[in-house]
Amino acid sequence: MPQTEGAPARGTPAHLLPQTYKRLISEWLEEDTPSFDYGGFVVGEEMAEARLLGKSAGIIAGVPFFDEVFKQLDCTVEWHHPEGFSIPASTKTHCATVRGPIRKILLGERVALNTLARCSGIATKSARLLKLLREAGYPNALAGTRKTTPGFRLVEKYGMLVGGIDPHRHDLSAMTMLKDNHIWACGGRIGDAVAAAKAAGGFAIKVEVECQSEAEAEEAIRAGADVVMLDNFTPDGVRKAAASLKKRLGRGGEGFGFLIEVSGGLTEDNVREYVSEDVDVVSTSSVHQGVGHVDFSLKVVPESLKRSGKDKDDGVKEQGAAAV
């Protein structure tokens with residue numbers, strides 16, 4: 001499926017990745033084989049070929065991580081479908097071919113598949129929710145959240161990007177978000193909290209304030225917040241508060257520059273109800289928490305089939321390949 005929004009519409013998401021992701025992959029491989037590789041001893045290091053099969057509908061995402069797993073194990077990967085490709089339902093799709101010493105293929109198999117399946121699931125859910133919002137007439141940003149898996153955030157945020165949505169802030173250093181606990185720790189004084197955040201972060205770090213009412217949002221805007229989050233509002237409450245804030249305090253009113261974000265319990269089942277032209281960002285953890293994986297498997301092609309040429313036939317290939 002060609003991506004028409006977000007990072008994929010402007011470039012290659014893989015070019016965003018820091019070099020540190022390669023260290024992460026080294027750690028994952030070490031975690032999976034901290035000592036002797038008993039299964040690898042059985043199979044040895046003869047050269048082999050394995051085929052990556054997509055077995056459920058979804059968007060391929062996580063290609064750089066899959067590639068790096070096998071690169072570190074002296075294997076090569078040839079992709080037959082690009083990142084962002086939509087795997088069709090009810091069929092097995094030959095997505096890529098891995099070549100290298102059989103022991104090394106097996107060493108990387110589970111780490112590579114787990115990462116690809118999770119990342120692809122997030123991209124698929126992100127794209128699906130974005131499509132739903134566009135069909136409902138919402139033209140602005142859909143974002144994920146920081147409620148990601150420790151140690152796996154980069155993969156999950158990458159999946160959101162491939163799915164065409166905004167990954168939101170990546171960490172506590174990327175933007176200051178003053179949530180209810182921050183405000184309560186400051187004695188409930190939103191203005192003091194915003195002033196402190198602005199003093200520490202300077203002009204380069206945006207400040208967002210989580211608000212429980214329109215009055216709190218107004219206080220935050222007047223204090224200089226760049227973004228106000230209307231958290232756990234009802235759909236009607238969102239529309240009324242957002243319209244009021246934009247009309248009274250926005251560029252058509254007092255001239256404050258701010259964005260309105262809506263968050264809190266938003267899912268595919270209810271997000272349509274929150275659609276409003278006055279809302280700049282809809283954020284939800286439902287695109288990355290509890291998301292189903294896209295089903296992939298890696299099949300080693302037996303030498304007997306390769307010698308006979310039967311591996312060229314899709315039916316024989318699917319049934320005759322041995323599951324890794």
Looking at the rings of Trp28 and Phe152, which for Trp means the six-membered one, are their centres under 6.0 Å apart?
yes
Hey, are [X] and [Y] close enough for a salt bridge, meaning a charged N less than 4.0 Å from a carboxylate O?
X: Arg169; Y: Glu208; value: no
X: Glu214; Y: Arg248; value: yes
X: Arg146; Y: Asp171; value: no
X: Arg51; Y: Glu49; value: yes
X: Lys198; Y: Asp226; value: yes

If you round to the nearest 0.5 Å, how far is [atom2] of [Y] from [atom1] of [X]?
X: Ser276; Y: Leu230; atom1: OG; atom2: CG; value: 9.5 Å
X: Leu17; Y: Thr12; atom1: CG; atom2: OG1; value: 11.0 Å
X: Leu133; Y: Lys131; atom1: CG; atom2: NZ; value: 11.5 Å
X: Ser26; Y: Glu31; atom1: OG; atom2: CD; value: 13.0 Å
X: His182; Y: Met177; atom1: NE2; atom2: CE; value: 10.0 Å
X: Glu219; Y: Ile183; atom1: CD; atom2: CD1; value: 8.0 Å

If you define the side chain from C-beta out and look only at heavy atoms, does anything of [X] sit under 4.5 Å from [Y]?
X: Asn140; Y: Val279; value: no
X: Phe256; Y: Leu245; value: no
X: Arg222; Y: Leu249; value: yes
X: Glu68; Y: Tyr21; value: yes
X: His80; Y: Glu78; value: yes
X: Leu52; Y: Trp79; value: yes
X: Leu298; Y: Ile105; value: yes
X: His94; Y: Leu53; value: yes

Looking at [Y], is its backbone amide N or carbonyl O close enough to the side chain of [X] to form a donor-acceptor pair, meaning the two atoms are under 3.5 Å apart?
X: Glu83; Y: Ile60; value: no
X: Asn270; Y: Gly265; value: yes
X: Ser285; Y: Lys147; value: no
X: Arg153; Y: Pro150; value: no
X: Asp231; Y: Cys211; value: no
X: Thr93; Y: Cys95; value: no
X: Lys157; Y: Thr145; value: yes
X: Thr284; Y: Leu266; value: yes
X: Thr115; Y: Phe65; value: no
X: Glu216; Y: Gln212; value: yes

Closest heavy-atom contact between [X] and [Y]?
X: Ala7; Y: Leu161; answer: CB-CD2, 4.0 Å
X: Val291; Y: Gly121; answer: CG1-O, 3.2 Å
X: Arg272; Y: Ala136; answer: CG-CB, 4.2 Å
X: Tyr274; Y: Thr234; answer: CE2-C, 3.9 Å
X: Phe70; Y: Ala112; answer: CE1-CB, 3.5 Å
X: Ala61; Y: Val162; answer: CB-CG1, 3.7 Å

Could you check Thr267 against Val271 for side-chain contact (heavy atoms from CB on, under 4.5 Å), going step by step and ending with a plain yes or no?
CA-CA 6 Å; Thr267 67; Val271 73; over 6 Å; no
So Asp295 and Lys92, salt bridge (charged side-chain N to carboxylate O under 4.0 Å, His left out) or not? Walk me through it.
CA-CA 10 Å; Asp295 189 13; Lys92 291 181 181 179; over 6 Å; no
Evaluate the criterion side-chain contact (heavy atoms from CB on, under 4.5 Å) for residue pair Ile59 and Phe85; output intermediate values, then yes/no.
CA-CA 6 Å; Ile59 293 173; Phe85 174 80; over 6 Å; no
Report the C-alpha distance between Glu27 and Arg23 in whole Å, list the side-chain angles of each, state the deciding distance to 0.1 Å, and finish with yes or no for salt bridge (charged side-chain N to carboxylate O under 4.0 Å, His left out).
CA-CA 6 Å; Glu27 292 171 3; Arg23 292 205 303 269; 5.7 Å; no
side-chain contact (heavy atoms from CB on, under 4.5 Å) assessment of Met229 paired with Val209:
CA-CA 6 Å; Met229 177 192 290; Val209 180; over 6 Å; no
For atom CD of Glu46, decide whether the heavy atoms of other residues, nucleotides or ligands shown that lie under 6.0 angstrom number more than 12.
no
Count I, L, V, M, F, W, Y as connected when their side-chain heavy atoms are under 4.5 Å apart, and connections chain through other members. Are Met175 and Val282 then in the same cluster?
no
Are Phe233 and Ile221 connected, step by step, through hydrophobic side chains (Ile, Leu, Val, Met, Phe, Trp, Tyr) whose heavy atoms are closer than 4.5 Å?
yes
Any luck finding a side-chain donor-acceptor pair between [X] and [Y] under 3.5 Å?
X: His170; Y: Ser173; answer: no
X: Thr149; Y: His288; answer: no
X: Arg110; Y: Asn114; answer: yes

Decide side-chain contact (heavy atoms from CB on, under 4.5 Å) for His168 and Glu261; before the verdict, give the C-alpha distance in whole Å, the side-chain angles of both, and the deciding distance to 0.1 Å.
CA-CA 11 Å; His168 214 297; Glu261 177 179 344; 3.0 Å; yes
CA sep, side-chain torsions, deciding dist, call: Glu268, Ser286, side-chain hydrogen bond (donor to acceptor under 3.5 Å, both in side chains):
CA-CA 8 Å; Glu268 287 186 48; Ser286 70; over 6 Å; no
Could you walk me through whether Lys246 and Glu277 pass the salt bridge (charged side-chain N to carboxylate O under 4.0 Å, His left out) test, one step at a time?
CA-CA 10 Å; Lys246 286 292 181 72; Glu277 63 181 7; over 6 Å; no
